[in-house]
J.: 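Before we start, here is the structure in question, set down as structure tokens.
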Amino acid sequence: MEALHEEMPFDLAFHPSSPLVATSLITGELYLFRYAAESQPERLFAAKSHKESCRAVRFVESGNVILTGSADCSILASDVETGKPIARLEDAHENGINRLVCLTETTVASGDDEGCIKVWDTRERSCCNTFHCHEDYISDMTYVSDSNQILATSGDGTLSVSNLRRNKVKSQSEFSEDELLSVVVMKNGKKVVCGTPSGALLLYSWGFFKDCSDRFLGHAQSVDTMLKLDEETLISGASDGVIRLVGILPNRIIQPLAEHSEYPIEALAFSNDRNYLGSISHDKMLKLWDLQDLLNRQQLVQDDKLGEQDSDDSDDDGMDVDMDPNSSKGSRSTKTSKGQSSDRPTSDFFADL
């Protein structure tokens with residue numbers, strides 16, 4: 001399923017209970033689509049929400065309200081039924097807003113172009129926390145509910161941990177060589193994974209954020225967005241337009257899942273029931289993928305590879321028997337590797353010849 005936009009979308013978000021997906025555009029517009037199996041998404045409305053680019057979108061208040069953040073420094077609350085404005089914070093930040101993330105039913109966080117993070121109470125429509133922890137734009141944020149903390153990545157190459165209870169930055173990593181573009185928490189909260197422009201994934205151990213504990217060089221190009229599938233695997237969206245399934249510890253690219261286009265992937269999101277994976281790219285297209293179908297295809301590829309390996313093993317065993325008639329079972333242990341000497345004396349070798 002796919003839907004073409006008139007201009008490039010920056011972000012997307014799925015409704016928490018209904019088959020609706022919202023996208024925010026570079027033109028400042030907000031689109032809302034209804035989707036259903038085996039049919040193309042139907043656009044319900046297109047609203048001009050901001051004067052400048054609309055970079056972030058999220059559903060709040062049980063899906064009754066759509067929040068958008070813009071380069072014009074404002075945050076707008078729009079009605080999900082009509083797209084009409086409900087409330088607007090004109091100067092929510094001093095700089096353009098780049099990211100929104102839902103924390104609880106009544107709180108959201110926003111990050112701007114100069115590294116400032118603010119937490120908002122949607123009932124009071126007021127700011128309740130402010131963190132000045134970065135020197136460049138906030139590229140991504142994720143909320144850890146168990147410890148009530150926000151993890152944020154920035155263009156300044158650092159990862160920050162902000163404690164909402166104490167209203168202070170608890171920890172911040174040293175500057176990395178790359179910008180940090182995306183972040184997910186894996187391994188039951190023990191590992192934090194960050195994507196970079198070089199394609200490397202940086203792994204941080206929880207509680208030891210000063211420097212990364214591991215670097216995974218599996219991607220050839222920038223990892224702009226990531227989603228946690230489970231504690232062992234994540235889904236990455238890269239600037240080569242490919243969506244990949246990635247294993248963490250052991251670190252490996254398990255399988256490319258889909259190719260959105262030849263252009264960079266801006267954002268990925270799961271539908272509320274996790275039946276669909278949504279992706280947007282510079283090709284102006286919203287695509288909704290059947291997630292189970294993608295994962296099943298990946299499993300089929302793995303099964304095929306295992307079948308080929310079994311076939312190869314069978315052939316090797318047969319060759320062992322032919323090459324060494326004195327061997328009763330033709331086991332691999334009887335073969336000598338290239339460049340290794342045989343245990344038999346040299347004279348015996350020439351005698352056999």
Side-chain angles (χ1 to χ4, degrees), residues 10-11 13 55-58 60 67-71 73 75 92-104 107-121 127-186 189-197 200-213 222-228 234 236-237 266-269:
F10 269 149
D11 198 12
R55 298 175 177 174
V57 59
R58 288 294 181 269
V60 296
L67 275 190
T68 50
S70 170
C73 306
I75 295 177
H93 283 252
E94 294 181 3
N95 301 278
I97 296 167
N98 198 53
R99 199 71 179 159
L100 287 173
V101 61
C102 295
L103 307 181
T104 66
T107 56
V108 297
S110 56
D112 70 22
D113 284 343
E114 293 298 323
C116 177
I117 299 172
K118 291 188 176 183
V119 179
W120 304 88
D121 188 320
C127 178
C128 46
N129 299 85
T130 302
F131 304 99
H132 296 279
C133 44
H134 294 281
E135 299 176 3
D136 207 335
Y137 69 97
I138 301 297
S139 56
D140 198 10
M141 293 185 290
T142 188
Y143 177 61
V144 182
S145 58
D146 293 343
S147 55
N148 199 23
Q149 296 180 123
I150 298 173
L151 272 65
T153 51
S154 170
D156 64 10
T158 65
L159 167 71
S160 69
V161 183
S162 300
N163 190 302
L164 297 182
R165 290 193 186 95
R166 298 182 181 179
N167 194 29
K168 73 173 187 176
V169 180
K170 182 179 179 181
S171 181
Q172 188 166 7
S173 71
E174 296 178 353
F175 292 97
S176 65
E177 297 176 359
D178 275 340
E179 300 175 10
L180 300 185
L181 303 178
S182 47
V183 59
V184 291
V185 181
M186 306 285 292
K190 296 179 181 178
K191 291 292 179 180
V192 178
V193 185
C194 299
T196 67
L201 297 183
L202 305 187
L203 277 67
Y204 294 84
S205 296
W206 190 268
F208 302 91
F209 294 108
K210 287 301 178 183
D211 196 8
C212 65
S213 59
S222 174
V223 182
D224 300 323
T225 179
M226 297 187 297
L227 287 178
K228 174 180 173 179
L234 60 85
S236 67
E266 277 290 324
L268 297 171

J.: Would Phe131 and Asn163 count as a side chain to side chain contact (heavy atoms under 4.5 Å, CB included) if you check the C-alpha gap in whole Å, the side-chain angles of each, and the deciding distance to 0.1 Å?
T.: CA-CA 9 Å; Phe131 304 99; Asn163 190 302; over 6 Å; no
J.: Rounded to the nearest 0.5 Å, how far apart are OG of Ser176 and OH of Tyr204?
T.: 5.0 Å
J.: Looking at CE of Met186 and CG of Leu201, how far apart are the two atoms once the value is rounded to the nearest 0.5 Å?
T.: 10.0 Å
J.: Is there a donor-acceptor pair under 3.5 Å between the side chain of Ser139 and the backbone N or O of Leu180?
T.: yes
J.: Taking all non-hydrogen atoms of both residues into account, name the closest pair between Val144 and Trp206 and its distance.
T.: CG2-CH2, 4.1 Å
J.: Can you find a side-chain donor-acceptor pair between Tyr137 and Asp156 that sits under 3.5 Å?
T.: no
J.: Looking only at atom types and distance, does a side-chain atom of Thr142 sit under 3.5 Å from a main-chain N or O of Leu151, one as donor and one as acceptor?
T.: no
J.: Kindly say whether Lys118 contributes a backbone atom to a donor-acceptor pair with the side chain of Thr130 at under 3.5 angstrom?
T.: no
J.: Does a side-chain heavy-atom distance below 4.5 Å link Lys170 with Gln149?
T.: yes
J.: Kindly say whether Ser154 contributes a backbone atom to a donor-acceptor pair with the side chain of Asp136 at under 3.5 angstrom?
T.: no
J.: Does any non-hydrogen side-chain atom of Leu164 lie less than 4.5 Å from one of Leu103?
T.: yes
J.: In Å, rounded to the nearest 0.5 Å, how long is the span from SG of Cys116 to CD1 of Ile97?
T.: 10.0 Å
J.: Indicate the atoms forming the closest heavy-atom contact of Ser110 with Trp120, along with that distance.
T.: OG-NE1, 2.8 Å
J.: Cys194 pairs by side-chain contact (heavy atoms from CB on, under 4.5 Å) with which of Asp178, Val183, Leu181?
T.: Val183
J.: Checking the side chain of Thr158 only, and the main-chain atoms of Gln172 only, is there a donor and an acceptor separated by less than 3.5 Å?
T.: no
J.: Any side-chain to backbone donor/acceptor pair from Asn167 onto Asn129? Under 3.5 Å, distance only.
T.: no
J.: From the options Ile150, Thr104, Val101, select the one residue that forms a side-chain contact (heavy atoms from CB on, under 4.5 Å) with Val119.
T.: Ile150
J.: A side-chain contact here means heavy atoms from C-beta on lying under 4.5 Å apart; do Arg99 and Arg58 qualify?
T.: yes
J.: What are the two closest heavy atoms between Cys73 and Gly96, and how far apart are they?
T.: SG-N, 3.7 Å
J.: Please give me the minimum heavy-atom distance between Asn98 and Ala56, naming the atom from each residue.
T.: O-CB, 4.2 Å
J.: Any sub-3.5 Å donor-acceptor pair from Asn95's side-chain atoms to Asp112's backbone N or O?
T.: no
J.: Could you state the interatomic distance from CE (Met141) to OG1 (Thr153), rounded to the nearest 0.5 Å?
T.: 9.0 Å
J.: Report the C-alpha separation of Tyr143 and Asn148 in whole Å, then their side-chain angles, then the decisive distance to 0.1 Å, and conclude whether the side-chain hydrogen bond (donor to acceptor under 3.5 Å, both in side chains) test is met.
T.: CA-CA 7 Å; Tyr143 177 61; Asn148 199 23; 2.6 Å; yes
J.: Using the side chain to side chain contact (heavy atoms under 4.5 Å, CB included) rule, take Met226 and Asp140 through it: C-alpha gap first, then chi angles, then the decisive distance, then the call.
T.: CA-CA 10 Å; Met226 297 187 297; Asp140 198 10; over 6 Å; no
J.: Applying side-chain hydrogen bond (donor to acceptor under 3.5 Å, both in side chains), can you list everything that pairs with Ser160, at least two apart in sequence or on another chain?
T.: His134
J.: Any side-chain donor paired with an acceptor under 3.5 Å for Ser182 and Thr225?
T.: no
J.: Can you sort out the partners of Ser213 under side-chain hydrogen bond (donor to acceptor under 3.5 Å, both in side chains), two or more places apart, ordered by chain and number?
T.: Lys191, Ser205
J.: What's the shortest heavy-atom distance between Leu202 and Cys212, and which atoms?
T.: CB-CB, 4.2 Å
